[in-house]
Number of protein chains: 2
Amino acid sequence: MARRSEHTREQLRDLMLEAAEQLIVDKGLAGLSARAIARQIGYTPGTIYLVFANLDELILHVNARTLDRLRVPMQAAVAATDDPEQQLLGAARAYADFARSHPNLWRACFEHRLPEDVAGPDFIDARIAQLVELIMAPLARVSGAQGAALNAAAQSLWSGVHGVCILTLTGKLHTVGGQATEHLTDDLITHYLAGLVSRAAPTTSRG
Amino acid sequence: MARRSEHTREQLRDLMLEAAEQLIVDKGLAGLSARAIARQIGYTPGTIYLVFANLDELILHVNARTLDRLRVPMQAAVAATDDPEQQLLGAARAYADFARSHPNLWRACFEHRLPEDVAGPDFIDARIAQLVELIMAPLARVSGAQGAALNAAAQSLWSGVHGVCILTLTGKLHTVGGQATEHLTDDLITHYLAGLVSRAAPTTSRG
DNA sequence: GGCAGATAATGAACGCCGTTCACCATCGCG
DNA sequence: CGCGATGGTGAACGGCGTTCATTATCTGCC
């Protein structure tokens, strides 16, 4: 058994990513294994290493796909209105909605941990940057901020929305009267924006 | 070889938690294994299962300890001043500082995933609730909020701070001009508070 | 002192895991 | 037809979490 050439390297790559994605969807990152992927596509585990350097790299590519898909509804939310505050609220709701609809895929993007020293690849960093950039324009319009202050605002606000999603959707926020995710993202954004508008970006324009 | 009785069940428990903690500190959650713990304390893996139901339970107890230790500097920050805004900023900085000083322990609290259906135990939920409650009083004083609105504020603001810490400390926010963690938590809190003060908690007082 | 029963701990075993690599079946080409 | 290149294999290595029959030791009783 060798040299069957039923698939191109490219086709094989897609088959593997597809299978991996399905496994993550069904059983989470923990349910993913080289052997399971191989079983699913009718190859042996060794074949995976002809296409990817290791499982981590494969997972990173699944995550890249997930981030690409996540961007679509967020962009749509931004395009759906001209009111910058509504754009931000909509993008956050789209984010929360995606996370809730595809919990295992979404969590894989943030739970997957590379070995201590290895840095995340550029193609992931770039996609996260795209998400942050999505909210820069509305944020600039609504607050008049720019430069470093705008950057800080985009990062802190977006990290904040992400934090709300993480904690609520992983059930780590079972506090008194646990709030719905969107309720909390709305709360965070509304108040943050109100503060941003009422002040001239105090913390970052000091130096 | 059996029945050495060199240690009480309690002592054994502490030995195991200590060893597990050290392993997590040194190599992260991924570096933890029943065999490694056993090796470190001079017992065999089987012994661990006389004390804990499984590794997950052991890890949850390590996490409980971590959350207890995390609360100390946060409480100190709140006690250090009477200005509620400074209390909140201080608590967030203490949180970020702890996360940076003990990255692997801190991350273990949020990266550890239980099998799909199993819910997190109360002794973890309670400790997270304690952290959120820490900021309720200052938040109430600074904004005048109470009831559900106060609850939502505490949860969204604290989740936000957590999100900032997660994304900056795991290196997932390598965007243009990456900001220091404390810079972003300050930014988030300052603006959120300003917004909270300038408005009468709009999103939650509507119904 | 000697013996029985209780029990703390073992260690071998099961079925997984990621990863490597010598090997071989098959292909295209001369 | 033969041959070199190559796609893919599958066995192997050292790890993992977890279970459990077995055993060495302790305790209490005669």
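Throughout, protein chains are lettered first and strands after them, A, B, ... in sequence-line order, and every chain is numbered starting at 1. Excluded from the calculations below are hydrogen atoms, water molecules and symmetry mates; all remaining heavy atoms, backbone and side chain alike, are included.
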Determine, step by step, whether A/N104 and A/V25 satisfy the side-chain contact (heavy atoms from CB on, under 4.5 Å) criterion, reporting the C-alpha distance in whole Å, the side-chain angles of both residues, the deciding distance to 0.1 Å, and the verdict.
CA-CA 5 Å; A/N104 285 338; A/V25 165; 5.5 Å; no
Show your reasoning for whether side-chain contact (heavy atoms from CB on, under 4.5 Å) applies to B/V72 and B/F98.
CA-CA 10 Å; B/V72 175; B/F98 184 93; over 6 Å; no
Let me see the working for A/R71 and A/D68 under salt bridge (charged side-chain N to carboxylate O under 4.0 Å, His left out), right down to the final yes or no.
CA-CA 5 Å; A/R71 201 180 65 248; A/D68 281 343; 3.5 Å; yes
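Interatomic distance, OG of B/S33 versus CD of B/Q40, reported as 10.0 Å (0.5 Å rounding). Here CD1 of A/I48 is found 12.0 Å from CD of A/E57. Values are rounded to the nearest 0.5 Å. Rounding to the nearest 0.5 Å places OG of B/S159 at 6.5 Å from CG of A/L184. Atom CE of B/M74 is separated from atom CZ of B/R93 by 13.5 Å, given to the nearest 0.5 angstrom.
Counting to the nearest Å, the P atom of C/dC17 and the CD1 atom of A/I37 are 11 Å from each other. A straight line from CZ of A/R113 to P of C/dG18 spans 18 Å, rounded to a whole angstrom. A straight line from CZ of B/F52 to C1' of D/dG17 spans 15 Å, rounded to a whole angstrom. Rounded to whole Å, the distance from OH on B/Y43 to P on C/dA8 is 11 Å. Atoms CG (B/L32) and P (D/dC16) sit 10 Å apart, rounded to a whole Å. As a whole-Å value, the separation of A/K27 NZ from C/dC17 P is 9 Å. For the pair A/L58 CG and C/dT19 P, the computed distance is 10 Å after rounding to whole Å. We find that CD1 of A/I48 is positioned 10 Å from C1' of C/dG18, with the value rounded to whole Å.
A donor-acceptor pair under 3.5 Å links the side-chain atoms of A/H191 to the main chain of A/D187, judged by distance alone.
Between A/R9 and D/dT6, a side-chain N or O to OP1/OP2 separation shorter than 4.0 Å is absent. Contact annotation: A/T44 does not reach the phosphate of D/dG10 (side-chain N/O to OP1 or OP2, under 4.0 Å).
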Atom pairs under 3.5 Å, N or O on each side, protein against nucleotides 18-20 of chain D: can you list them with distances?
{"unit_1": "D/dT18", "atom_1": "OP2", "unit_2": "B/Y49", "atom_2": "OH", "d": "2.6"}
{"unit_1": "D/dT18", "atom_1": "OP2", "unit_2": "B/L55", "atom_2": "N", "d": "2.9"}
{"unit_1": "D/dT18", "atom_1": "O5'", "unit_2": "B/Y49", "atom_2": "OH", "d": "3.3"}

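Inter-axis angle, ends of the helix from C/dG1-D/dC30 to C/dG30-D/dC1, five pairs per end, rounded to 10 degrees: 30°.
Annotation for B/Y192 and B/A153: closest pair OH-CA, 3.2 Å, computed over non-hydrogen atoms.
Closest to the side chain of B/S5, out of D/dT9, C/dT10, C/dA8, is C/dA8.
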